[in-house]
Amino acid sequence: MNILVCISKVPDTTTKIRFLSDASGLDTNGVTWIVNPSDEWYALVRALELKEAAGSGKVTIITVGGAEDDPIIRKALAVGADEAVRIDAPAHDAAFVAKQIAAWVKENPVDFILTGKETIDYNGSVMGGMLAAHLDVPYVALVEKLEKSGNTTHMHRDIGGGTEEVEVEGMFVASATKGLAEQRIPNMRGIMAARTKPIHVTAPVDAQPGVKFKNYSLPPEKGACKMIDPDNMDELVRLLNQEAKVL
Amino acid sequence: MATIVFVDSFKGHIKKSAFESLTYAKKAQPGQEIIALVAGDVPQDELEALGQYGASKVWHANGPAYQDFDSEIQGKTLAKAAEKANANLVILPFDHTGKSIAPIVAVAMNAGLVSGATSLPDTSNGFTVKVNVFSGKALAEVEVLTESKVITVNPNSIPVEKEEGAAQVESFDPGLNISPRVRVKAVHKNTDEIPLPEAERVVSAGRGLKGPENWGIVEDLAKTLDAATACSRPVSDIGWRPHHEHVGQTGITIRPNLYIAAGISGAIQHLAGVNGSKTIVVINTDPEAPFFKAADYGVVGDAFEVLPKLNEAVRKFKEASA
Ligand SMILES: Cc1cc2nc3c(=O)[nH]c(=O)nc-3n(C[C@H](O)[C@H](O)[C@H](O)COP(=O)(O)OP(=O)(O)OC[C@H]3O[C@@H](n4cnc5c(N)ncnc54)[C@H](O)[C@@H]3O)c2cc1C
């Protein structure tokens, strides 16, 4: 079983977000980078479980980015991926990344591809679907359960207010959401082994982004919190109705 | 030129997201024709009624290929509709369905995709749309660099506008010559009626509730308020509540009009997913809980006492105003 997992580098969840003075991008000073949680916790771990259950195969991680991504690639290798591919180009947008990964997959066939459900920086939920479209394979979004039997893959996907059970034959792209697997903390052996696992660096293909992010800003500060006496919930209801106008 | 709006249905009925998307389309390109694309079985009167939200035409794609949901069929059908209508803009909801289809439409149309718009496009200098980034910790503008554009609209970002009108319904065959490659074996609907991402009101609880057996008071208040229920990450991790209720940076991001949080401390990762809510009420025994800094209204008190009292007060209010 030859599985490809797409991973993305994102700021640690505790990061206090700040922008450059011209609002053109994130101020990365002092930011700690992590593997995007749903890529690591759900997509990667489920891929490893499936490989382990099959008793053979390979889990490859792929990302689009510069050499500054190597530390988070090593982190994913420490969790258990066998090898890594880094397409050496800035990740302009999801459309650009999908074109790069699609081009790589066309040269290096895999059995199926998992991504996280969204990244915690741009929250687009876009890349996996675009990748599937470029590769002309089915796309199953927001998968919370995935089992293989031969060429058939059984999945449960979250449809918002419910779950759908689906099946596909052969190659597909799925985006992983909570429930698919449990986070694995890398152990010392994994961390040591990751140091010598290969990171294949490849050149990008020619591709254009579809969008550009700019004029970043922080949300307006909240005013002071109004404290309400716990024995006077009528007052809270009155305020929600008359002041906040949400009742 | 026209705008194509994807209209989603569930079990044969049109979803609320469609009315938001249509209103968005009407305001995004005023005066431009709006065509609603509906796939699958939906009654004729519901199709015609889309005219009340600005659609002049409804293109109805129906048949075996649309019996079950397949993102590829839906995405390619939309792209064909856009081609036929000479549309430069396609609008979808930023929900589970829209997230499945929008990337496929965008690739088929070679269009730039804005995911999760919170504002109408600004065309004064190029074409830019506001979105939330860093799971709601910040905002940004997205400039679309392509001629054709696809936008998914964040739920609760635009108030629905309704007027008199009836759309002209035509059947639409995209001539795809492909059959679905994703086979749907079963669909399970959760018992809670209001899907969390679309809910206008949400009652959420955390570890302060002490155990899953205590969620009755949360559900009671939610029911009285017509609200959805949500929870913090540890609560879903330990299995007190289902995964789809987990809100926050690693769960889902929501922006209801009213978010009531009981027994949740307000960690940065939780706040990230909810601080786009219009009004936040926090109930916590600890006056120092960080959540109060992000709240509009705070109650320092025991959730086990405050939630039932609040429920009673809302019930009384609803009776009085009924
Ligand atoms: C990588 C990463 C990602 C994360 N992502 C998320 C995320 O997406 N969403 C999320 O929610 N968390 C997330 N977390 C976890 C987050 O850091 C907090 O640990 C979590 O939100 C705390 O949940 P809680 O508020 O329910 O519990 P606690 O922090 O234990 O808080 C319980 C609160 O209940 C109050 N309380 C106790 N008893 C009562 C009572 N009787 N009545 C009223 N109040 C009471 C206490 O004063 C306290 O404030 C993430 C953490 C990490 C490391």
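Numbers restart at 1 for each chain; the letters A, B, ... are given by sequence-line order, proteins then strands.
- Contacts between Thr97(B) and chain A at a heavy-atom distance below 4.5 Å are absent for every atom of the residue.
- Ranking Ala141(A), Ser125(A), Ala132(A) against chain B, the residue ahead of the rest is Ser125(A), based on heavy-atom pairs under 4.5 Å.
- Counting heavy atoms from C-beta outward, Phe291(B) and Val274(B) have side chains that approach closer than 4.5 Å.
- Neither the backbone nor the side chain of Gln208(A) comes within contact range of chain B; no heavy atoms are under 4.5 Å apart.
- Only the side chain of Val131(B) comes within less than 4.5 Å of a heavy atom in chain A; its backbone stays farther off.
- Comparing Lys185(B), Glu305(B), Lys309(B), Lys278(B) by heavy-atom pairs within less than 4.5 Å of chain A, the highest count is held by Lys185(B).
- Salt bridge status for Lys145(A) with Glu165(A): absent, with no side-chain N to carboxylate O gap under 4.0 Å.
- Counting only N and O atoms by type, the side chains of Glu167(A) and His154(A) include a donor and acceptor under 3.5 Å apart.
- Contact annotation: the side chain of Glu312(B) never approaches that of Asp234(A) to less than 4.5 Å [non-hydrogen atoms, C-beta and beyond].
- Among Asp136(A), Val140(A), Thr153(A), the residue with the largest count of heavy-atom pairs under 4.5 Å with chain B is Asp136(A).
- For a residue to count as touching a neighbouring chain, one of its non-hydrogen atoms must lie under 4.5 Å from one of that chain's; by this rule Glu72(B) touches chain A with the side chain only.
- Looking at Leu142(A), only its side chain comes within 4.5 Å of chain B, counting heavy atoms on both sides.
- Of the listed residues Ala295(B), Ala102(B), Ser135(B), the one with more heavy-atom pairs under 4.5 angstrom with chain A than any other is Ser135(B).
- A donor-acceptor pair shorter than 3.5 Å cannot be found between the side chains of Gln249(B) and His270(B).
- In the model, Gln183(A) has no side-chain atom that pairs as donor or acceptor with a side-chain atom of Tyr42(A) under 3.5 Å.
- At a 4.5 Å heavy-atom cutoff, the contact between Ile228(A) and chain B is made by backbone and side-chain atoms alike.
- Heavy-atom distances place no part of Lys130(B) under 4.5 Å from chain A, backbone and side chain included.
- For a residue to count as touching a neighbouring chain, one of its non-hydrogen atoms must lie under 4.5 Å from one of that chain's; by this rule Pro209(A) touches chain B with backbone and side chain alike.
- Between the side chains of Ser236(B) and Lys178(A), at least one donor-acceptor pair of N or O atoms lies under 3.5 Å.
- In this pair, Tyr216(A) and Phe213(A) present their aromatic rings parallel. The plane angle is below 30°, not in the 30 to 60° band.
- Neither the backbone nor the side chain of Ser38(A) has a heavy atom closer than 4.5 Å to any heavy atom of chain B.
- Between Phe172(A) and Tyr139(A), the distance from one ring center to the other does not fall under 6.0 angstrom.
- With a 4.5 Å cut-off on non-hydrogen atoms, Phe127(B) does not touch chain A at all.
- Of all heavy-atom pairs between Pro219(A) and Leu139(B), the closest is CA-CD1, 4.3 Å.
- Side-chain contact annotation: Thr163(A) with Glu144(A), donor-acceptor N/O pair under 3.5 Å present.
- Of the atoms belonging to Ala95(A), not a single heavy atom falls under 4.5 Å from chain B.
- Contact count against chain B (heavy-atom pairs under 4.5 Å) is highest for Val211(A) among Asn232(A), Asp93(A), Val166(A), Val211(A).
- Of the two parts of Ile283(B), neither the backbone nor the side chain holds a non-hydrogen atom closer than 4.5 Å to a non-hydrogen atom of chain A.
- Residue contact with chain B, scored on non-hydrogen atoms closer than 4.5 Å, involves the side chain of Lys222(A) exclusively.
- Among Tyr122(A), Trp41(A), Phe19(A), the residue making the largest number of heavy-atom pairs under 4.5 Å with chain B is Trp41(A).
- Both the backbone and the side chain of Pro138(A) come within contact range of chain B, judged by heavy atoms closer than 4.5 Å.
- Electrostatic pairing of Lys75(A) and Glu40(A) counts as a salt bridge here, judged by a charged N lying under 4.0 Å from a carboxylate O.
- Counting heavy-atom pairs closer than 4.5 Å to chain A, the top-ranked of the candidates Ile280(B), Asp68(B), Asp296(B), Val314(B) is Asp296(B).
- Of the atoms belonging to Thr152(A), it is side-chain heavy atoms, and not backbone ones, that fall under 4.5 Å from chain B.
- The contact between Ser277(B) and chain A is made entirely by backbone atoms, counting heavy-atom distances below 4.5 Å.
- Counting only heavy atoms from C-beta outward, the side chains of Val143(A) and Asp158(A) never approach each other to under 4.5 Å.
- At a cut-off of 3.5 Å, with distance as the only test, no side-chain donor of Lys99(A) or His134(A) sits close to an acceptor on the other residue.
- Proximity to chain B is absent for every atom of Arg238(A), based on heavy atoms less than 4.5 angstrom apart.
- Contacts between Asn257(B) and chain A at a heavy-atom distance below 4.5 Å involve backbone atoms as well as side-chain atoms.
- When each of Ala313(B), Gly136(B), Gly112(B) is scored by its heavy-atom pairs under 4.5 Å with chain A, the top score falls to Ala313(B).
- Most heavy-atom pairs under 4.5 Å with chain A, from the set Arg233(B), Glu200(B), Lys76(B): that is Arg233(B).
- Each of Asn215(A), Thr14(A), Thr13(A), Thr177(A) has some count of heavy-atom pairs under 4.5 Å with chain B, and the biggest count is that of Thr13(A).
- Top candidate by heavy-atom pairs under 4.5 Å with chain A, chosen from Val281(B), Asp70(B), Leu145(B), is Leu145(B).
- Inter-residue side-chain proximity for His96(B) and Pro197(B) is flagged as met; some heavy-atom pair is nearer than 4.5 Å.
- With hydrogens and angles left out, the side-chain atoms of Asn311(B) and Thr224(B) include a donor and acceptor closer than 3.5 Å.
- Leu131(A) does not touch chain B: none of its heavy atoms, backbone or side chain, sits under 4.5 Å away.
- Using modelled atom types and a 3.5 Å distance limit, the side chains of Asp8(B) and Ser17(B) yield no donor-acceptor pair.
- Counting heavy atoms from C-beta on, the side chains of Thr152(B) and Val114(B) never come closer than 4.5 Å.
- Contacts of Val107(B) with chain A are made by side-chain atoms alone, with heavy-atom separations under 4.5 Å and no backbone atom involved.
- With a 4.5 angstrom heavy-atom cutoff, Val10(A) does not touch chain B via any of its atoms.
- In this structure, a donor-acceptor pair under 3.5 Å is present between the side chains of Thr229(B) and Glu245(B).
- Your options are Ile159(A), Thr119(A), Leu218(A), Leu240(A), and the one with the most heavy-atom pairs under 4.5 Å with chain B is Ile159(A).
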